[in-house]
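Report on the structure given below.
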Amino acid sequence: MESNAVVWFRKGLRIHDNPALDYACRGSSHIFPVFVLDPRYLHPDPSAFSLGSARAGLNRIRFLLDCLLDLDSSLRNLGSRLLVLRGHPEPASVICRILKDWNIRKVCYEFDTEPYGQARDRQVTDFARQLGIEVFSPVSHTLFDPAENGGRPPLTYQSFVALAGKPPDPLAKTYSELPPVGNVGKVELLNIPTIEELGYRDIEQEEFSPFGGGESEALRRLNEVLKDKEWVANFEKPKGDPSAFWKPATTVLSPYLKFGCLSSRYFYHCLHSVYLTVGKHTSPPVSLVGQLLWREFFYTVAFGTPNFDQMRGNKICKQIPWKDDDKLLVAWREGRTGYPWIDAIMIQLKKWGWMHHLARHSVACFLTRGDLYHRIYSPISFGRKYDPDGKYIRHFLPVLKDMPNEYIYEPWTAPLSIQKKANCIIGKDYPRPVVVHDRASKECRKKMGEAYAKVGSAEEEDDTAASESTTMQKRKRRT
DNA sequence: AGGGCGTTGCTAAA
DNA sequence: TTTAGCAACGCCCT
């Protein structure tokens, strides 16, 4: 008796701890492991503000393609393979078509919390249910079900941690073989495309990300991290060095978690085991488990908050009348602010697709200048405190590589003779500062103060202009 | 209703 | 190396 199942990969690009894959295999004569190429995610969009598609930058697209190659290879080792399908006009309708064409009895895909994924999945769910096809959509991207608490998540990290408890254990199952792939009929199967085949040609970039995608690489990185039990147990995020780049101060597992190359529950489980053997260890918010809970916290709040990725229509976001200055915004985005610490970070993001968390705080703070509590990161002294010789700046901004240590964080203060000797004239080879930090930061602080005062008094007239915690505001700046 | 405190700052002064 | 002052929002617990 034939019984066919589809396992539809989107995130969750892994074999380990994959409940959708596990369920698809149960009692099925054939499974169809499918990935649909989403043009919105992959194809170049000239109107996007950086090189990439409408929904992802080039680094992320590259990472995703790595993930797919690795997943296909792992599936082949188990006697299966990845079926890559064209996503025109969009992925959901392609899935609906194959559910019929392949005579599918059940379709399995990981629950996706994000609005784009929710809308996409609703189409498939509705269609499948109409045809009497079983839909299995487990929560496995996050530790917990983000729909808990009736969609009214706690708004501070501490209260979230207090409610959190222990997440479900990861699946312990390993495979020696998967059910064979069924007959795909007339459906066209594609190869996993290259970046060039997607239409990204002539990319002028001399350095690419050292972080390759895929489950194999994720597990290799994880095991590397877990080897040093003392490091795992004593990890304290604020003590990390944001200027460390050859050997980053954190695990750099975040992109692997993002695509589900690494299961967050498996990671949690591994960390817990280390804690048990070592005894004394750090705790949330600064510990490694604390970092996983931060991820969880923001997924949960985002799921329970309409328009979480925007200011307008987001009821937990303070409504600030931001100054629109396209020139300044572009200077920030392209790493041309004239502040080497800021620019080096933005160039690292552009080239590597990754930056340290404190580096992100630096550039986010620089963009907004906004933070109450009077905690404003200095674009000069914050970096210097970690890396007085400017090794990080010299690497990502080679134009400054011969600038003396004394001036590396403030090159505009170097005498012209020194600039000439360093082969870097400020205003010609490297930009002058786009703003004077002290002045701009004071001005912005004042304006934000006014905006806060105004919002407070207007609250009754406009319920979208409600209140917000500083924590949430920081999160908004990450996007 | 009211007070405590919030993931990780900076500068100046002791 | 440590500490005070900065100037003050709003969630959350009591």
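Predicted model, so just to flag it, every value in this text is computed and none were measured. Protein chains get the first letters and strands the later ones, always in sequence-line order, with residue 1 at the start of each.
- Using atom P as the reference point in both dA7(C) and dA13(B), the two lie 16 Å apart (nearest Å).
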Which dot-bracket string fits DNA chain C when only Watson-Crick or G-U wobble pairs with both atom distances under 3.5 Å count, crossing pairs get [ ], and | stands for a partner on a different strand?
||||||..||||||

Let me check something: any side-chain donor-acceptor pairs from residues 412-424 of chain A under 3.5 Å, sequence neighbours excluded? List them with distances.
unit_1, atom_1, unit_2, atom_2, d
Thr413(A), OG1, Glu410(A), O, 2.6
Gln419(A), OE1, Ile426(A), N, 2.9
Gln419(A), NE2, Ala414(A), O, 2.8

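- Contacts of Pro170(A) classified as side chain to side chain contact (heavy atoms under 4.5 Å, CB included), with partners at least two apart in sequence or in another chain: Asp17(A), Arg265(A), Tyr266(A), His269(A).
- Look at Tyr373(A) and the base of dC9(C); the rings do not stack under the cut-offs of 5.5 Å between centres and 30° between planes.
- The aromatic rings of Phe297(A) and Tyr157(A) sit perpendicular to each other, their planes meeting at more than 60°, with 30° as the lower class boundary.
- Remark: Gln158(A) is in phosphate contact with dT7(B), judged by side-chain N or O atoms under 4.0 Å from OP1 or OP2.
- For Asp112(A), the side chain to side chain contact (heavy atoms under 4.5 Å, CB included) criterion is met by Arg10(A), Lys11(A), Glu114(A), Arg120(A), Asp121(A), not counting sequence neighbours.
- Rounded to whole Å, the distance from CD1 on Ile380(A) to P on dC10(B) is 11 Å.
- Aromatic ring pairs are classed by plane angle as parallel below 30°, tilted from 30° to 60° and perpendicular above 60°; the pair Phe245(A) and His395(A) is tilted.
- In summary, the side chains of Ser283(A) and Tyr275(A) do not present any donor paired with an acceptor at a separation below 3.5 Å, with no hydrogens or angles considered.
- For Tyr386(A) and dG9(B), the OH to P distance is 8 Å, given to the nearest whole Å.
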Please enumerate all protein N or O atoms sitting under 3.5 Å from an N or O of nucleotides 12-14 of chain C, with distances to 0.1 Å.
unit_1, atom_1, unit_2, atom_2, d
dC12(C), OP1, Leu155(A), N, 2.7
dC12(C), OP1, Thr156(A), N, 3.2
dC12(C), OP1, Ser159(A), OG, 3.4

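- Spacing between atom CZ of Phe297(A) and atom P of dC11(C) amounts to 12 Å, rounded to whole angstrom units.
- dA12(B) atom C1' lies 14 Å from atom CG of Asp438(A), rounded to whole Å.
- With both ends at atom P, the span from dC6(C) to dT7(B) equals 24 Å, rounded to whole Å.
- Between dT11(B), dG9(B), dT7(B), one nucleotide has an atom nearer to the side chain of Gln291(A) than all others, and that is dT7(B).
- Remark: Phe63(A) pairs with Tyr256(A), Phe259(A) by the ring pair (Phe, Tyr, Trp, His ring centres under 6.0 Å) rule, at least two apart or across chains.
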Walk me through whether Leu65(A) and Leu198(A) qualify under side chain to side chain contact (heavy atoms under 4.5 Å, CB included).
CA-CA 11 Å; Leu65(A) 298 181; Leu198(A) 287 173; 4.0 Å; yes

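- When the C1' atom is used for both dG3(B) and dA8(C), the distance is 14 Å, rounded to whole Å.
- Aromatic ring orientation, Tyr386(A) versus Phe382(A): perpendicular (interplanar angle above 60°, classes split at 30° and 60°).
- Between Lys385(A) and dC10(B) there is a side-chain N or O to OP1 or OP2 distance below 4.0 Å.
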